Amino acid sequence: MDIQFPKKGKKLFKSTKNYLEFSHFGWGDINSQFYGYIKGYKESADTLVDFALASKRIAILDTYIFPILFLYRQFIELSLKSLYLEYSEEPMADKIQTIKQASHNLEAMWKKLKPILIEASDSQEEKDIVKTVESYILQYHHFDKGSFKFRYPIDKDYNPLLKGEERIDIVNLKECMTELDNFFGGADGKLDFLKECKYEQEQYLREIEAEMKAEFEAEMRAEYEAEMRSYADWY
């Protein structure tokens with residue numbers, strides 16, 4: 001087999017006219033782009049899990065785990081931030097500050113999103129699901145607090161990030177991530193519906209207020225004109 005090495009002047013990032021050989025990204029608004037990132041990280045991790053299991057090779061199972069765990073963590077982080085940015089009623093300046101302060105901290109982002117989910121819950125069953133989701137997220141947070149554990153083997157001071165040997169059931173992990181994905185999708189749908197209902201209600205109230213104001217002003221004008229006519233007749 002001919003071994004290929006980097007070639008002088010070759011571009012890494014270029015386009016092509018072959019429709020099935022290029023990736024198209026950067027399209028749509030911010031919400032659409034969040035969706036693309038979230039879907040990409042989650043489904044890429046799923047694909048790696050499936051490939052590693054199908055390979056039945058220890059070398060693949062023990063090395064693919066690093067991108068798998070990082071990609072799933074990134075899926076969770078972006079899902080939390082996307083829902084918070086879209087459905088929190090805080091001013092955008094406050095949202096931006098929250099994102100900056102939270103950085104890669106899953107627990108911090110969850111604390112900002114959780115009240116929104118609880119408020120939107122119509123039953124104790126829905127609130128219990130939110131608590132279960134919280135358990136999943138906090139487990140991942142404590143497993144990899146800074147999002148570095150599966151990107152680097154050491155920290156900035158050259159200390160090992162992996163403290164000892166561990167075994168992870170990746171079939172179970174993929175199942176849990178799919179459950180989270182289902183929850184995030186359902187939450188997005190419900191929160192969007194409630195947001196639309198609130199907008200329509202506010203729009204209706206604004207229309208009623210405008211009609212009442214117009215009627216009041218018309219009555220005041222009529223009374224004023226009647227007074228002026230009466231005043232003119234008296235003189």
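Source: prediction; values computed, not measured.
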- Under the side chain to side chain contact (heavy atoms under 4.5 Å, CB included) criterion, do I99 and M109 qualify, and how do the steps go? CA-CA 8 Å; I99 296 294; M109 280 312 309; 3.9 Å; yes

Can you confirm whether [X] sits close enough to [Y] that some side-chain heavy atom of one is under 4.5 Å from a side-chain heavy atom of the other?
X: S82; Y: I38; answer: yes
X: W110; Y: V133; answer: yes
X: D155; Y: F148; answer: no
X: T132; Y: F183; answer: no
X: K42; Y: L71; answer: no

Hydrophobic cluster membership, [X] vs [Y], 4.5 Å side-chain cutoff:
X: V171; Y: I58; value: yes
X: I168; Y: Y41; value: yes
X: I30; Y: L78; value: yes
X: I118; Y: F193; value: no

[atom2] on [Y] to [atom1] on [X], rounded to 0.5 Å:
X: L173; Y: I68; atom1: CG; atom2: CD1; result: 8.0 Å
X: L85; Y: I96; atom1: CG; atom2: CD1; result: 8.5 Å
X: K190; Y: Y87; atom1: NZ; atom2: OH; result: 13.0 Å
X: I76; Y: S147; atom1: CD1; atom2: OG; result: 11.5 Å
X: L194; Y: D122; atom1: CG; atom2: CG; result: 7.0 Å
X: D94; Y: E89; atom1: CG; atom2: CD; result: 13.0 Å

- Pair D29-S32, side chain to side chain donor-acceptor pair (under 3.5 Å): steps then yes or no: CA-CA 5 Å; D29 58 16; S32 299; 2.9 Å; yes

Shortest non-hydrogen separation from [X] to [Y] and the atoms involved:
X: Y72; Y: A45; answer: CE2-CB, 3.4 Å
X: L161; Y: I154; answer: CD1-O, 3.4 Å
X: D169; Y: N172; answer: OD1-N, 3.1 Å
X: L162; Y: F150; answer: CD2-CE2, 4.2 Å
X: I170; Y: V49; answer: O-CG1, 3.8 Å
X: L61; Y: L53; answer: CD2-N, 4.2 Å

Is it true that, when you exclude [X] itself, more than 12 heavy atoms of the residues, nucleotides or ligands shown sit nearer than 6.0 Å to its [atom1]?
X: R57; atom1: CZ; answer: no
X: K10; atom1: NZ; answer: no
X: K7; atom1: NZ; answer: yes
X: F34; atom1: CZ; answer: yes

Under 3.5 Å, side chain of [X] to main-chain N/O of [Y], donor-acceptor pair present?
X: Q33; Y: G28; result: yes
X: Y140; Y: L69; result: yes
X: K127; Y: E119; result: no
X: E196; Y: D192; result: no
X: S103; Y: N105; result: no

- From the options K112, K114, E90, K95, select the one residue that forms a side chain to side chain donor-acceptor pair (under 3.5 Å) with Y84. E90

- Query: Yes or no on side chain to side chain contact (heavy atoms under 4.5 Å, CB included) for I65 and L48, after CA distance, side-chain angles and deciding distance?
  - Reply: CA-CA 8 Å; I65 187 62; L48 288 176; over 6 Å; no

What I want to check is whether the side chains of [X] and [Y] have a donor and an acceptor closer together than 3.5 Å.
X: Q74; Y: Y37; result: no
X: Q4; Y: D2; result: yes
X: E43; Y: T47; result: no

- Message: Between V130 and S121, does the side chain to side chain contact (heavy atoms under 4.5 Å, CB included) criterion hold? Intermediate values first, please.
- Response: CA-CA 9 Å; V130 172; S121 299; 4.0 Å; yes

- Item | Lys NZ or Arg CZ of K149 over F143 ring: under 6.0 Å, within 45° | yes

- Query: Cation-pi between R73 and F70: NZ/CZ under 6.0 Å from ring centre and within 45° of the ring axis?
  - Reply: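 Output no; distance or angle outside limits.
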
- Task: Test Q139 against S135 for side chain to side chain donor-acceptor pair (under 3.5 Å), laying out the working first.
- Result: CA-CA 6 Å; Q139 284 181 62; S135 171; 3.1 Å; yes

- Task: Start with the C-alpha gap between L106 and E77, add the side-chain angles, then the distance that decides, and say whether side chain to side chain contact (heavy atoms under 4.5 Å, CB included) holds.
- Result: CA-CA 6 Å; L106 299 181; E77 181 180 330; 3.7 Å; yes

- Given K195 and E86, is the salt bridge (Lys or Arg N to Asp or Glu O under 4.0 Å) satisfied, shown in steps? CA-CA 10 Å; K195 183 178 180 179; E86 179 65 18; 3.0 Å; yes

